[in-house]
S.K.: 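This structure is in structure tokens; I'll ask about it shortly.
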Amino acid sequence: MKVETSESTPTKLNTFFFISVFVGLLLVGGCALFAPSPKITHHLDDLVVMDIPAIQNYERSFWGQIRICRTFYQSYDDDFDVILILSNIPWGSEQHKALRIHGRMKLVRNSVQGTGIRRFDSGKLLGSPSKLKGIMDLPSHPALLLGYSLHELAHLWVSNRRVIPTTSKSHWGFSSVNGVLGGFDRTTLVELGNDQFLAAPFVPNREYGLPNKKPYSGLELYLSGFIPIEEVPDIWVAEDGTFVRDPDGVIEKDENGNFVFQAKRISIWRNEDIVKKLGPRVPNHEDSQKSIRLAVIAINNGSNPLEDEDISYVRKAIELFTREESISHIDSIAIESSTRKWSFDPGLYNFWEATGGRGMINAHIASERKETQEATPSRDN
């Protein structure tokens, strides 16, 4: 096995993984392994600020993430489902583009059955004896609100095994799932003949256009434990779908801008087909976890140092993303006592709204701080 490096593809940390890549990591990531330890410099109610060694992509490396998590758990109890490592690479910059990823979820443990993810537990390596389910890595602060946070959270329940036939591993491909992990709106599907089809613009491995502007689909809500399987609509699937492109490689479109694709293998996946393949979800939608505990670690390093305004922005973004009400009317964040203002198009979804009001995220971490820890500098809470 190897570390998945494709955009927004989850990886699983398991015993076989550790054995098979140990030598390679010592050679490639040894600088992260033997570098000075990360250090928490500020404890806030909703995040910690952590200084890391001045090594390129340290927080993205295997050993770097292990050391970041273990440093966090020296000061905090094991009571979080997801650790978010939030870097300060400028959104849309050349450095950001060079990463070739918008986000990544590394799975740490799973006990849920019927989602296509096997049961496994690698939490102790990260310093989590029982709770941590995944590490979410977002390279840029605005990614929490602007994307791809909803996408990466969906990978807690959608991983490497194919739930439906797809040409895009861990995503919905050329299908009518129409969620944050890809697919199109079936109401726009038109059969053109000669194994060609037409649908409103879509992407096989994520939502089309700006991220965090679409709610979770029925299949995504079922796999995450929010609705029963009976509420998932039938799914139209082009199992071998590919876009039709012109000689310049551009996707062909009709006069309304809809995309043309081709496929020879078409199938319809109904509720019973999904349950037959994956088994029933255990726990079901009535007994499943509805609230996620999130611990945010804001990374500070020499290349992209954190300013007070950055921290203020992140804290506001956390508050909006975890708010249990709609944020679709908000189009900017202005930081007090500053000329800086972050603007974006309205219509964004937070986790609560993306789940249809069924799911919640709690990012408060202060109550889980270990009492035995010595006092460290804190910014105003």
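These numbers come from the heavy atoms of this one structure, side chains and all, not from hydrogens, waters or symmetry mates.
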S.K.: Verify whether one side chain among Ser128 and Asp78 offers a donor that lies under 3.5 Å from an acceptor in the other.
M.R.: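 Yes, because at least one side-chain N or O of Ser128 sits under 3.5 Å from a partner of the opposite role on Asp78.
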S.K.: Between Ser168 and Thr166, do the side chains contain a donor N or O and an acceptor N or O under 3.5 Å apart?
M.R.: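 On atom types as modelled, these side chains do not qualify, holding no pair under 3.5 Å.
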S.K.: Can you find a heavy atom in the side chain of Thr322 that is under 4.5 Å from one in the side chain of Asn362?
M.R.: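 No - every pair of side-chain heavy atoms lies 4.5 Å or more apart.
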S.K.: Got Ile52 and Asn300 here, is their nearest side-chain heavy-atom distance under 4.5 Å?
M.R.: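 They are not in side-chain contact.
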S.K.: Do Leu181 and His155 come within less than 4.5 Å of each other through their side chains, counting heavy atoms only?
M.R.: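 Yes, side chains in contact.
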S.K.: Is the shortest heavy-atom distance from the side chain of Ile227 to the side chain of His285 under 4.5 Å?
M.R.: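 In short, these two side chains do not touch, never coming nearer than 4.5 Å.
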S.K.: Taking all atoms of both residues into account, what is the closest heavy-atom pair of Phe80 and Tyr73, and its distance?
M.R.: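 Looks like O-OH, 4.4 Å.
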S.K.: Tyr208 vs Phe184, test: ring pair (Phe, Tyr, Trp, His ring centres under 6.0 Å). Steps then yes/no.
M.R.: CA-CA 9 Å; Tyr208 179 79; Phe184 54 81; over 10 Å; no
S.K.: Can you see which heavy atom on Ile311 is nearest to which on Leu44, and at what distance?
M.R.: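 Closest approach of Ile311 to Leu44: CG2-CD2, 4.1 Å.
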S.K.: With side-chain contact (heavy atoms from CB on, under 4.5 Å) as the test, would you mind laying out the steps for Ile297 and Glu59 before giving the verdict?
M.R.: CA-CA 11 Å; Ile297 301 175; Glu59 67 270 38; over 6 Å; no
S.K.: For Glu220 and Trp172, which I'm curious about, is there any donor-acceptor pair between the side chains at under 3.5 Å?
M.R.: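 Checked: Glu220/Trp172 side chains pair up, N/O donor to acceptor below 3.5 Å.
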S.K.: After noting the C-alpha distance and the side-chain angles of Glu319 and Arg315, does the key distance pass the salt bridge (Lys or Arg N to Asp or Glu O under 4.0 Å) rule?
M.R.: CA-CA 6 Å; Glu319 189 273 320; Arg315 299 190 73 184; over 6 Å; no
S.K.: What residue among Arg60, Lys106, Arg104 forms side chain to side chain donor-acceptor pair (under 3.5 Å) with Asp137?
M.R.: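 Exactly one candidate clears the test, Arg60.
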S.K.: Between Lys264 and Asp195, is there a salt bridge with N-O shorter than 4.0 Å?
M.R.: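 Answer for the salt bridge query: yes.
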S.K.: Would the distance check show the side chain of Asp287 and the main-chain N or O of Asn284 forming a donor-acceptor pair, the cut-off being under 3.5 Å?
M.R.: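 Judged by distance alone, no pair lies under 3.5 Å.
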S.K.: List the atom of Ala154, the atom of Val180, and the distance in Å for their closest heavy-atom pair.
M.R.: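 Closest heavy-atom pair between Ala154 and Val180: CB-CG2, 4.0 Å.
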S.K.: For Glu272, does the CD atom sit with more than 12 other heavy atoms under 6.0 Å from it, leaving out its own atoms?
M.R.: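 Yes, because the 6.0 Å sphere around CD of Glu272 holds more than 12 heavy atoms from other groups.
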S.K.: How far apart are the closest heavy atoms of Lys370 and Tyr76, and which atoms are they?
M.R.: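 Answer, listing the atom of Lys370 first, then Tyr76: CE-O, 3.3 Å.
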S.K.: Between His364 and Asp46, is any side-chain donor less than 3.5 angstrom from a side-chain acceptor?
M.R.: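 No donor-acceptor contact under 3.5 Å links the two side chains.
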S.K.: Can you check side-chain contact (heavy atoms from CB on, under 4.5 Å) on Leu132 and Arg109, steps first, answer last?
M.R.: CA-CA 7 Å; Leu132 184 65; Arg109 60 165 53 89; 4.0 Å; yes
S.K.: Is any NZ, NE, NH1 or NH2 atom of the basic residue among Glu353 and Arg323 found under 4.0 Å from an Asp or Glu carboxylate oxygen of the other?
M.R.: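 Arg323 and Glu353: not salt-bridged.
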S.K.: Applying a strict under-4.5 Å side-chain criterion to I, L, V, M, F, W and Y, I'd like to know whether Leu219 and Trp236 cluster together.
M.R.: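 Shared cluster, no.
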S.K.: Give a yes or no on whether Val163 and Ile268 share a hydrophobic cluster (residues Ile, Leu, Val, Met, Phe, Trp, Tyr; joining criterion: side-chain heavy atoms under 4.5 Å apart).
M.R.: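 As far as the 4.5 Å side-chain criterion goes, Ile268 and Val163 are not connected within one cluster.
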S.K.: Please answer: with hydrophobic residues joined when any side-chain heavy atoms are less than 4.5 Å apart, are Val203 and Tyr349 in the same cluster?
M.R.: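 No, Val203 and Tyr349 fall in different hydrophobic clusters.
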S.K.: Are Ile327 and Ile335 in one and the same hydrophobic cluster, where Ile, Leu, Val, Met, Phe, Trp and Tyr link if side-chain heavy atoms are under 4.5 Å apart?
M.R.: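 Yes, same cluster.
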S.K.: What is the minimum heavy-atom distance between Ser149 and Leu144, and which atoms define it?
M.R.: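 That would be OG-O, 2.7 Å.
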S.K.: Would you please say whether a donor-acceptor pair under 3.5 Å links the side chains of Thr187 and Asp185?
M.R.: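 Side chains of Thr187 and Asp185: pair found under 3.5 Å.
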S.K.: Checking one residue: Val244. Which other hydrophobic residues are in its cluster under the side-chain 4.5 Å linking rule?
M.R.: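 Joined to Val244, directly or through intermediates: Val190, Leu192, Leu198, Val260.
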S.K.: Verify whether the ring centers belonging to Phe202 and Phe174 lie closer than 6.0 Å.
M.R.: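 Between Phe202 and Phe174, the centre distance is under 6.0 Å.
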S.K.: Give the intermediate values and the outcome of side chain to side chain donor-acceptor pair (under 3.5 Å) for residues Ser288 and Lys290.
M.R.: CA-CA 6 Å; Ser288 63; Lys290 303 299 191 302; 3.0 Å; yes
S.K.: With a 4.5 Å cut-off on side-chain heavy atoms, are Leu86 and Leu47 touching?
M.R.: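 Leu47 does not reach Leu86 side chain to side chain.
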S.K.: One thing to verify: whether Asp234 and Arg270 come together as a salt bridge, which I'm taking to mean a side-chain N less than 4.0 angstrom from a carboxylate O.
M.R.: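 The answer is yes: the pair qualifies as a salt bridge.
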S.K.: Is there a side-chain contact (heavy atoms from CB on, under 4.5 Å) between Gln65 and Ile85? Walk through the geometry before answering.
M.R.: CA-CA 8 Å; Gln65 291 194 350; Ile85 298 175; 3.9 Å; yes
S.K.: Using the rule that two of Ile, Leu, Val, Met, Phe, Trp, Tyr join whenever any of their side-chain heavy atoms come within less than 4.5 Å, decide whether Leu126 and Phe62 are in one cluster.
M.R.: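 As far as the 4.5 Å side-chain criterion goes, Phe62 and Leu126 are connected within one cluster.
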S.K.: Answer whether the closest heavy-atom distance between the side chains of Lys277 and Val275 falls below 4.5 Å.
M.R.: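 With C-beta onward as the side chain, the pair stays apart.
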S.K.: Any side-chain donor paired with an acceptor under 3.5 Å for Ser140 and Asn88?
M.R.: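 Their side chains do not contain a donor-acceptor pair, so the 3.5 Å distance test is not met.
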S.K.: Please walk me through it: do Arg358 and Leu221 pass side-chain contact (heavy atoms from CB on, under 4.5 Å)?
M.R.: CA-CA 9 Å; Arg358 303 174 180 90; Leu221 289 173; 3.6 Å; yes
S.K.: Contact between Leu84 and Leu138 at the side-chain level, heavy atoms closer than 4.5 Å - yes or no?
M.R.: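 Side chain of Leu84 against side chain of Leu138, heavy atoms only: contact under 4.5 Å found.
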S.K.: State, without any angle test, whether Asp81 and Gln289 hold a side-chain donor-acceptor pair at a distance under 3.5 Å.
M.R.: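 A donor-acceptor contact under 3.5 Å links the two side chains.
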S.K.: Using distance alone, with no hydrogens and no angle criterion, decide if Lys214 and Asn178 have a side-chain donor and acceptor under 3.5 Å apart.
M.R.: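 Result is yes, a qualifying pair exists.
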S.K.: For the CG atom of Asp331 and the CG atom of Leu348, what is their distance to the nearest 0.5 Å?
M.R.: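 Here the rounded value is 9.5 Å.
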S.K.: Taking atom NZ of Lys124 as the centre, does the number of heavy atoms from other residues, nucleotides or ligands within less than 6.0 Å exceed 12?
M.R.: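 12 or below, so no.
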S.K.: For the residue pair His151 and His171, categorise the inter-ring angle as parallel (less than 30°), tilted (30 to 60°) or perpendicular (more than 60°).
M.R.: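 It falls in the tilted class, 30° to 60°.
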S.K.: Do Phe344 and Ile330 come close enough that some side-chain heavy atom pair is under 4.5 Å?
M.R.: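 Side-chain contact under 4.5 Å: yes.
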S.K.: What's the verdict on side chain to side chain donor-acceptor pair (under 3.5 Å) for Arg369 and Ser75, showing C-alpha distance, side-chain angles and the deciding distance?
M.R.: CA-CA 6 Å; Arg369 188 176 175 192; Ser75 297; 5.6 Å; no
S.K.: Measure across Leu306 and His141 and return the closest heavy-atom pair with its distance rounded to 0.1 Å.
M.R.: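 In terms of heavy atoms, the two residues are closest at CD2-CE1, 3.2 Å.
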